[in-house]
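See below for the structure under consideration.
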Amino acid sequence: MFDKEKTGRESYVTRRELLKTGGSAVAAIVAGNAVLRRTDAENSSESVVFGIAIDLQKCYGCNSCSVSCKSENNVPLGNFRSWVSQYNKGTYPSVKRHFIPRMCNHCENPPCVKVCPTGASFKREDGIVLVDKNVCIGCRYCMSACPYGMRSFMWKKDKSGDQPYPSRIFGVVDKCDLCYHRIDSDITPSCVNACPANARIFGNLNDKESEVSRFKAIHPVSTLMPDSGTKPRIFYSGLDHEAAHVSVNAGARMSPVESDSDSGGE
Amino acid sequence: MSIEKTSAICEDHNSLPESSCDISPVTYKEITEAGRSVGSSFKTATILLGLVLTGGIAAWINQLINGLGETGMQNSVSWGIYITNFVFFIGISHAGTLISAILRISNAEWRRPITRAAEAITVLALIFGGIQIVFDLGKPERLFNVLISGRLGSPMVWDVICVVVYLMSCIFFLLLPLIPDMAHMKKQKGISERMNRIYSKLSFNWTGSKEQKHQLEKAIGFMAILIIPIAISVHTVVSWIFGMTIRPMWHSSIFGPYFVTGAIFSGIAVMIIALAWIRKTYSLEKFLKTVHFDNLSRLLLIMSALWFYFTFAEYLTAGYGSLPEELAVFNSKLSGEFSFLFWSMIVLMTIAFILLLLRKRNVIKSSVIASLLIVIGMWLERFTIIIPTLTRTAEEGYKAGIYYPTMTESMITAGSLAGFILFFMLFTRYFPVISMWEMSEAKTALNIRNKVMESYLPDSPESELTEKSIEV
C-alpha cells in the first residue's frame, strides 16, 4: 500500500484492485453462465416433463386444435401457433391423404433457445419452451433458427397498442406455449381439450404410469426430423415419412394463409 | 535508437529539403485545398443524396409507427433485405481498415495515398451496417436488452461484441493518423471558425516533435496489428449467425472464410470506386496514379479468384451431397425462383473478373466498372445466401413463402446507401483525403528502404537498419 501523503495518488491502489476484482467478477460470470446453463434436471425421474403424443390414425384434419388454440391465446389474424398440414400421397385409385397436426415441438435441445441474444426464449424446468414477451427485442433469430418453422412474429401493430400478456404485444415473437397457463392450473392444453377424435394425449413424459407414457410404450412413435438432434417432445404415431418430410420441409413454410382483407385467404 | 539513425539520415541527405521529415505544406497544397474547390455538381449530388436520406428516415419513422408489418417479411421469410444490407455493409467495412492495416504492416509503399479514404469508408460502412439491425428489430427501443440480459451463447451477441469493438478500434485507427494532418490543417488560412475548432480538437496538441512522432508511429503500428484479427473475427461472426443454425445451406463450416473473402472482395471494390471519384473530383491525379489502381486491381483479382473458389466449393458440396432439404434450397437458387438473382451474380462476377484480367488498356476505367459490378454482385450474393434458405420450397406443387421487399424497405435501403455516400463525400470535403504527413515521409522511407535492400546483397556489409527503421 502506498502512503497517501507520499504518493499523492489516492486512487492508484484502489483502481488496480477495482480492475482486478472487476476482471475476476466478469470471468466468474462468464464461467458460471456457461456451467449453469448446462445443468439439466429434466432427465431425473422425479421431475415433470410435459409432452404430447398424437395418434394420426384418429386425426381427420378438422382443425379444431388450430381454432381452439387461436381463441385460447388471442393469436392475431395471419398468425398460427398450431395447424394441421395435409399431404396427398399416390394417385387414384391408390391414394391417401395424410394429416399432420403441427405445433411447437418443445424440443429437449431447442435450436431457438440456443441462439436467442437476450434469453427471452427459454425453456422451463418442465420442458416448455417459452418467449418472455417483455424481454424479446424482435430480432427473429429464433425464427430463422427453428428448423420446423413453428414460430411467428407479431407483424402488425394493433391500433390499441400493446396489451399485457396473454393478449398481444407487437413486434415480438409468438409461439405455442403449450398453454402453460392452463397446465399451471392443472388443465390440459386447449388443443388437447378440443380434439374431437381424442387424437392428442397429453401428460408427464417422466411418469411411467401416465397416459402419454403408456401410449408411447405400446405404439411405435416417431418425431419430426428425428435425425436433427433436437429431440422433440411431440410424438406422432403412424407418421408417414414422406408426408412428414414434406410437412417439415415445405409444410413448415406452409402455415395456413389468413388474410385480413375481405377477399379471404387461400 | 532507430530515431537517431533515421533522423541522421534525414539530415545527411542533402538532396531532400530540410522539412522532409516534417510536413511540407507547399507540396500538398492540392490536398489541403482540395475541399474548397468543389464544383456545383458536388453540391447537386449532396442535395440529391440528402433527399434520398430524408426519404429513408421518413420510411423508417413510418415503420416505427406501424410496425414491421410495413415490410415484405412474413412468418416464413422472417429476414429480408435489412439483414442482407447488414452483411453487405459490414463486408464493405473490411475494405478499408484491413487493407490499410495489412499494407502498413507489409510496408507496401504505394499504400500512402489510399489509407485515409479506406479508413473513412470503414467507419462509415460499420455505422450504416450496424444500424440495419436496428431497422430489423421488432422492438428497437429494447435494443439495450442485449446488454442488460445478453446471453453469451447467442451468435447475435458475439456479433454485437465484435462489431462494437471493431467500430471503436476503427474510429481510433482513423483518428490516429489524422492527428498530424489536423495540426497542419488548423494552421491554414481561410478556414471557418467552426472547422478550425474541430481541427484543433482532433490535432490533440500535436507539435510534430520527434517523441510525439515516435509515439504516434508506435500506436499506429500496434493498432494495425490489433485490427487484423478483430476485422477477421467480425465477418466470421457475422457468418456464424447463419452457420450456427441447422438450416439447410446455412449450416456450413466454410461460411467463416467465405464471408471474410467476400467482405474483403467487396471492400476493395468500394475502395476503387471511391478513390477514382476522389481522383476526379479533387483533381488528385498526381497522387492517385494508375499504378495504385493497378495494384488494387491485382488485389481485387486475387480476391475474385478466391471468391469463385469458395462459391464453387460451397455449391458443389451442397449439390453433390444432395441431402433432400439442402437440394431444395440449392434448386431454388440454380433453377428456382432465385435463379435470376443467382445467375446475375455469377455473370456479373465473371464479367468483372474478365475486365480485371484485361485491364491493361485503361486500368482505371476497367477497374472502376469491374468494381461496380462486383459491388452489385456481392449484394446479390448476400441476398441469395440469406433468403432462399428461409423460403425453401421442396416438393413440386408446394409454394413456400415468397419474399418481395416493400417500398418501406427499399426506401430505407436507398436511404442507408445515400447516407453512406453522403457522409463519405462530406468527409472528403472537410478533411484531407490523403494522409499528407505519410506522403511526405515517403521519400525518407524510400531512402532507408534502398539501404536496407542493398544490405540484402551478398557482397554488401550487414546494415544496422531494418525495414522497421522506416517508422521514425
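Neither the backbone nor the side chain of I386(B) comes within less than 4.5 Å of any heavy atom of chain A. Heavy-atom distances place both the backbone and the side chain of N145(B) under 4.5 Å from chain A. Contact annotation for W158(B): neither backbone nor side-chain heavy atoms come within less than 4.5 Å of a heavy atom of chain A. Proximity to chain B (any heavy atom under 4.5 Å) is shown, for V173(A), by neither the backbone nor the side chain. Interface remark: I65(B) contributes backbone atoms only to the contact with chain A (heavy atom separation under 4.5 Å).
To the nearest 0.5 angstrom, C139(A) atom SG is 15.5 Å from Y82(B) atom OH. Taking CD of E141(B) as the reference point, atom CD1 of I137(A) lies at 10.5 Å (rounded to 0.5 Å). Taken from OH in Y141(A) to CD1 in I83(B), the straight-line distance is 10.0 Å, to the nearest 0.5 Å. Considering NZ of K156(A) and CG of N66(B), their distance stands at 11.0 Å, rounded to 0.5 Å. Put simply, CG on N75(B) and CH2 on W155(A) are 6.5 Å apart, with the number rounded to the nearest 0.5 Å.
When all heavy atoms are compared, the tightest approach of R151(B) to K114(A) is NH1-O, 3.0 Å. The two residues V157(B) and P117(A) make their nearest non-hydrogen contact at CG2-O, 3.2 Å.
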### Query
Yes or no on side chain to side chain contact (heavy atoms under 4.5 Å, CB included) for R140(A) and D136(B), after CA distance, side-chain angles and deciding distance?
CA-CA 9 Å; R140(A) 307 189 296 291; D136(B) 190 65; 2.6 Å; yes
### Query
Are R142(B) and V172(A) close enough, and set up right, to give a side chain to side chain contact (heavy atoms under 4.5 Å, CB included), and what steps lead you there?
CA-CA 11 Å; R142(B) 290 185 187 168; V172(A) 299; 3.6 Å; yes
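Residues P111(A) and T245(B) have side chains not in contact (no heavy-atom distance under 4.5 Å, counting atoms from C-beta outward). Residues M156(B) and V115(A) have side chains not in contact (no heavy-atom distance under 4.5 Å, counting atoms from C-beta outward). Here the side chains of M143(A) and L390(B) are not in contact, with every heavy-atom distance at 4.5 Å or above. Residues I246(B) and T230(A) meet the side-chain proximity criterion, which asks for heavy atoms closer than 4.5 Å. You'll find the side chain of W250(B) reaches within 4.5 Å of the side chain of S144(A), heavy atoms only.
Taking a 6.0 Å sphere around NZ of K231(A), one finds it holds 12 or fewer heavy atoms contributed by other residues, nucleotides or ligands. Counting heavy atoms of neighbouring residues, nucleotides and ligands inside a 6.0 Å radius, atom CZ of F122(A) exceeds 12 of them.
Interface check for chain A: of the options L137(B), L147(B), D159(B), V160(B), the most heavy-atom pairs under 4.5 Å are formed by L137(B). Counting heavy-atom pairs closer than 4.5 Å to chain A, the top-ranked of the candidates G67(B), S149(B), P140(B) is S149(B).
Remark: the backbone N or O of F170(A) is paired with a side-chain donor or acceptor of K139(B) at under 3.5 angstrom.
Scanning residues 230-240 of chain B against chain A with a 4.5 Å heavy-atom cutoff picks out W240(B), ordered by number.
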